[in-house]
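This report refers to the structure that appears directly beneath it.
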Amino acid sequence: MHTTALGPALLGRLSFAAQASAGAAWWIAVFTVPLVRAATLGGLDPVMVAVLDIPLFVAASALAVLPGRVGRLAAVVTTAWTLFVTVSLALYATVTGLAGWGVLAMIAASGWSLLALSLIWLGRIPTTWLLVGPFAFRPARPRRSPVTHILATTAQIVVFWGLFLVVFPLVIAFLERRWGLAVPLPLGVSVAGAVLVLAASLLGLASAAALTVKGDGTPLPSAMPNRLVVAGPYRWVRNPMAVAGIVQGVGVGLILQSWLVVMWALAGSLVWNYAIRPHEEADLASSFGDDYRRYSEAVRCWVPRLPRRSRTQKTMMATNHPTRNTSTAPSTTHPGSPRA
């Protein structure tokens, strides 16, 4: 992800300037507003914490504004300190049940610092670092029968749904309650969440089936479909798997009555949209050429175009006919694949 307008290094330094101002304002509030002190530091001695945090967080963030070596080193120091404080405060809050709001503030500060540090040192936000292992874009091995892909997709669903819809949300909900951040909600919220999870799961399963059967691949980036899929939910939106995952996450948060799980799901949607999607769409455009470009022009990324369909979209929908994979149909095969 590249930044424009101000330039990445300048934007990073301005981000640290904003962080220094926010840190100074927070410390003023800590020493003048008891509620802020209790919510963010719990039973910790604010004077003892300030002795280290003001120079290593506030002052170092301010120094990171400077161009050159001093500013770059100050950015490293304040980022490392911020990460250390975040982990330490999280452990303290988990053990004592205090300072939960302080943990959330430091998690936000850690993310902010890492982004600003990347802009200063790398001149960009290295989103490609996310595309490793099972998330690296590679086409699946073509199969005569979809059985192998169906089995692989089933295993992927079990693993990823188990982690992202069960394990991680339960951990987050536990920490939310342990840190004193839970907000009681009416039972109807949980019922609404269950409805959302059911609907989104059906959408996710239909999308996975389309990728597996029509696309000769799986939903996993490291085993992507070999054919461009415009069938099933892909008729109406380009990213039904992502839509399903986000709605599932929100629904699970409502079931658990955890606003932190809901925020976690929404934060994940931002990461996917701004860090992953540009790379995925560039890969699809490179692999499928004009076929994908026409499809992306006809079908929106997030919001279905249900009431009316353009002539371009109708043309793209026609490519979903079962005979589209014959020799007379346009090639929608990944370059380098045996089918190419």
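Please read all numbers here as calculations on a predicted model, not as lab measurements.
Between H149 and the options T212, T154, D216, a side-chain hydrogen bond (donor to acceptor under 3.5 Å, both in side chains) holds for only D216. Each of V30, V49, L89 was checked for a side chain to side chain contact (heavy atoms under 4.5 Å, CB included) with T40, and the lone residue meeting it is V30.
By the 4.5 Å heavy-atom criterion applied to side chains, R37 and T32 are not counted as neighbours. V252 places none of its side-chain heavy atoms less than 4.5 Å from the side chain of V166. R238 places a side-chain heavy atom less than 4.5 Å from the side chain of S296. Counting only heavy atoms from C-beta outward, the side chains of T153 and L211 never approach each other to under 4.5 Å. Two residues are said to be in side-chain contact when any heavy atoms from C-beta on lie closer than 4.5 Å; H279 and L130 fail this criterion. Between I125 and Y274, every side-chain heavy-atom pair lies at or beyond the 4.5 Å cut-off. Put simply, the side chain of L73 reaches to within 4.5 Å of the side chain of R69, judged on heavy atoms. Contact of the L163 side chain with the F160 side chain is not registered, since no non-hydrogen atoms from C-beta on lie closer than 4.5 Å.
Contact between G42 and A99 at its shortest, heavy atoms only, is N-CB, 3.7 Å. Residue V65 comes nearest to R13 through the heavy atom pair O-CD, 2.7 Å, listed as atom of the first residue, atom of the second, then distance. For S113 against Q19, the heavy-atom pair with the smallest separation is OG-OE1, 2.8 Å. Taking both residues in full, the closest heavy atoms of G249 and V261 are given as O-CG1, 3.8 Å, listed atom of the first, atom of the second, then distance. Annotation for G23 and V58: closest pair C-CG2, 3.8 Å, computed over non-hydrogen atoms. Nearest heavy-atom pair, G133 versus R138, reported as atom, atom and distance to 0.1 Å: O-NH2, 3.6 Å.
By the rule that hydrophobic residues join a cluster once side-chain heavy atoms approach within less than 4.5 Å of another member, V85 and V76 end up as members of separate clusters. In the hydrophobic clustering of ILVMFWY residues, with side-chain heavy atoms under 4.5 Å counting as a link, L56 and L66 come out apart. Linking ILVMFWY side-chain heavy atoms closer than 4.5 Å, directly or via other members, places L115 and W121 in two distinct hydrophobic clusters. Both V271 and V243 sit in one connected hydrophobic cluster of ILVMFWY residues. Membership requires side-chain heavy atoms under 4.5 Å apart, directly or through other members. Taking hydrophobic clusters as Ile, Leu, Val, Met, Phe, Trp and Tyr residues chained together by side-chain heavy-atom distances below 4.5 Å, V247 shares a cluster with I276.
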Step by step, would you call F31 with V47 a side-chain contact (heavy atoms from CB on, under 4.5 Å)? CA-CA 9 Å; F31 284 110; V47 175; 4.1 Å; yes

Check step by step if side-chain contact (heavy atoms from CB on, under 4.5 Å) holds for W112 and S15. CA-CA 8 Å; W112 184 271; S15 298; 3.6 Å; yes

Could you go step by step and tell me if I157 and L205 meet the side-chain contact (heavy atoms from CB on, under 4.5 Å) rule? CA-CA 9 Å; I157 289 174; L205 291 173; 3.8 Å; yes

Please report the C-alpha distance between Y295 and Y234 in whole Å, then the side-chain angles of each, then the deciding distance to 0.1 Å, and finally whether the side-chain contact (heavy atoms from CB on, under 4.5 Å) criterion is met. CA-CA 10 Å; Y295 171 69; Y234 289 89; 3.6 Å; yes

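R227 contributes a side-chain N or O that, together with a main-chain N or O of K214, makes up a donor-acceptor pair within less than 3.5 Å. Although no hydrogens or angles enter the test, the distance criterion places a donor-acceptor pair under 3.5 Å between the side chain of E176 and the main chain of L260. Of the possible donor and acceptor atoms, one in the side chain of S269 sits under 3.5 Å from a partner among the backbone N and O of L266.
For R293, the CZ atom sits in a packed shell: over 12 heavy atoms of surrounding residues, nucleotides or ligands are nearer than 6.0 Å.
Here the CZ-CG distance, from F288 to D291, works out to 9.0 Å after rounding to the nearest 0.5 Å. Atom CZ of F137 sits about 7.5 Å away from atom CG of L284, to the nearest 0.5 Å. For the atom pair L98 CG and L44 CG, the distance stands at 8.5 Å (nearest 0.5 Å). The distance from the OG atom of S222 to the CG atom of L131 is 11.5 Å, given to the nearest 0.5 Å. Considering CD1 of I107 and OG1 of T86, their distance stands at 7.0 Å, rounded to 0.5 Å. Put simply, OG on S286 and OH on Y292 are 12.0 Å apart, with the number rounded to the nearest 0.5 Å.
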Less than 3.5 Å apart, which donor and acceptor atoms pair up between the side chains of residues 177-201 and the rest of the protein, not counting sequence neighbours?
unit_1: R177; atom_1: NH1; unit_2: A173; atom_2: O; d: 3.3
unit_1: R177; atom_1: NH2; unit_2: L256; atom_2: O; d: 2.8
unit_1: R178; atom_1: NE; unit_2: T94; atom_2: O; d: 2.7
unit_1: R178; atom_1: NH2; unit_2: T94; atom_2: O; d: 3.4
unit_1: R178; atom_1: NH2; unit_2: V95; atom_2: O; d: 2.5
unit_1: W179; atom_1: NE1; unit_2: T94; atom_2: OG1; d: 3.0
unit_1: S190; atom_1: OG; unit_2: L254; atom_2: O; d: 3.4
unit_1: S190; atom_1: OG; unit_2: I255; atom_2: O; d: 3.1
unit_1: S190; atom_1: OG; unit_2: Q257; atom_2: NE2; d: 3.4
unit_1: S201; atom_1: OG; unit_2: V197; atom_2: O; d: 2.7
unit_1: S201; atom_1: OG; unit_2: Q248; atom_2: NE2; d: 2.9

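A distance below 6.0 Å separates the ring centres of W272 and W302.
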